[in-house]
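All remarks here apply to the structure that follows.
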Amino acid sequence: MAERRVAVALIVAAGRGERLGSGGPKALVSVAGRPMLDWSVAALREVAAVKEIIVAMPPDRLDAAPAGVVAVAGGVTRSESVRAALAAAADGEVVIVHDAARALATPALFAEAVDELERGDADAVIAAVPVSDTIKQVRPDGRAVERTLDRSRLWAVQTPQVFRREALERALSAPAELISAATDDAWLVERQGGTVAVLLASSENFKITTPLDLRVAELLLRERSSA
Ligand code: CTP
Ligand code: MG
């Protein structure tokens, strides 16, 4: 058997949740009986390769981090939160980055992403699903179509995104404007010429963004708990 690398997991949970509109940090909103964040922490605890979990929290809610994780204050943008969490990470050649907002990510998905990185020579492996909607590029004024994209090659990307540590460190040393513009860390690796492999995931691993997403997540997680 191949030697197993040690992985550290970074969960970003410092967002404000404006689109959910719950009036408090989204990661602390209750879903199926526990704070949203706790679902991802519980899933990562079941992954053998994961030796440490670091959570970027809202700076005024460090107290709300689950027991046993390393809590750090998050940044103003998502990538800054990733950078703050990485700076607090102990050793580990493999870094898993995950959004607290993806409360339905399973231990199997995390483990597969780590295995895939170890099997291949990519700098990163990202969970993704082919898009099911037709995607059109629309004029900046939002009133007319410019063109229709070729759906067969479009994938919606998710987290977990798993990186070789040096590739993520290099990516996060990009200039501040790029860091704040990034909605995804793999993009920072891509633009430095790194290779990013795709792992087919499930649309059940959706990001809880809106009140509708929260209702769906509640149903699915209750269903899982009772199974
Ligand atoms: N995130 C973070 N630090 C930030 C912004 C976002 O840690 N400064 C985290 C969120 O907590 C979330 C993930 O990044 O787990 C994905 O972000 P998103 O779904 O956009 O969450 P929010 O930024 O909280 O939501 P919104 O954009 O609606 O305000
Ligand atoms: Mg956001």
Side-chain angles (χ1 to χ4, degrees), residues 8-32 34-44 50 52-66 69-89 95-106 109-110 113 124 126-129 155-163 168 171-172 174-189 201 203-218 220-221:
V8 293
L10 316 181
I11 304 179
V12 284
R16 294 152 56 119
E18 274 165 13
R19 288 169 287 182
L20 186 62
S22 60
K26 180 166 77 177
L28 302 178
V29 167
S30 176
V31 194
R34 46 156 87 145
M36 191 182 297
L37 166 64
D38 293 34
W39 289 98
S40 295
V41 171
L44 280 162
V50 173
E52 188 183 42
I53 301 172
I54 295 124
V55 184
M57 296 290 293
D60 57 344
R61 292 307 314 273
L62 287 175
D63 62 296
V69 307
V70 176
V72 299
V76 175
T77 64
R78 184 186 174 284
S79 293
E80 286 168 294
S81 293
V82 173
R83 192 153 63 177
L86 183 61
V95 182
I96 301 169
V97 179
H98 184 60
D99 290 336
R102 292 192 193 269
L104 287 106
T106 59
L109 178 62
F110 290 114
I126 65 175
V129 285
W155 291 57
V157 313
Q158 307 176 338
T159 66
Q161 299 196 342
V162 180
F163 300 87
L168 183 61
L172 292 171
E177 322 81 79
L178 286 174
I179 294 282
S180 34
T183 55
D184 140 81
D185 310 292
W187 175 69
L188 295 168
V189 171
S203 51
E204 258 196 44
N205 183 33
F206 63 90
K207 183 159 70 74
I208 302 172
T209 305
T210 64
L212 172 64
D213 298 331
L214 185 62
R215 288 167 63 192
V216 176
E218 178 88 26
L220 292 172
L221 287 169

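One-based numbering, in listed order, for ligands and for the atoms of each.
Ionic pairing of D185 and R78 is present here: one or more N-O contacts between side-chain nitrogen and carboxylate oxygen are shorter than 4.0 angstrom.
Residues meeting the side-chain hydrogen bond (donor to acceptor under 3.5 Å, both in side chains) test with S180, sequence neighbours left out: none. In terms of the side-chain hydrogen bond (donor to acceptor under 3.5 Å, both in side chains) criterion, residue partners of D63 (sequence neighbours excluded) are, by chain and number, R61. By the side-chain hydrogen bond (donor to acceptor under 3.5 Å, both in side chains) test, S22 is found to be paired with no residue, residues two or more places apart in sequence or in another chain being considered.
Counting heavy atoms from C-beta on, the side chains of L44 and I11 come closer than 4.5 Å. You'll find the side chain of I179 reaches within 4.5 Å of the side chain of L172, heavy atoms only.
Near ligand 1, heavy-atom contacts under 4.0 Å come from V12, A13, A14, G15, R16, G17, E18, R19, K26, G75, V76, T77, R78, S81, D99, A100, A101, K207.
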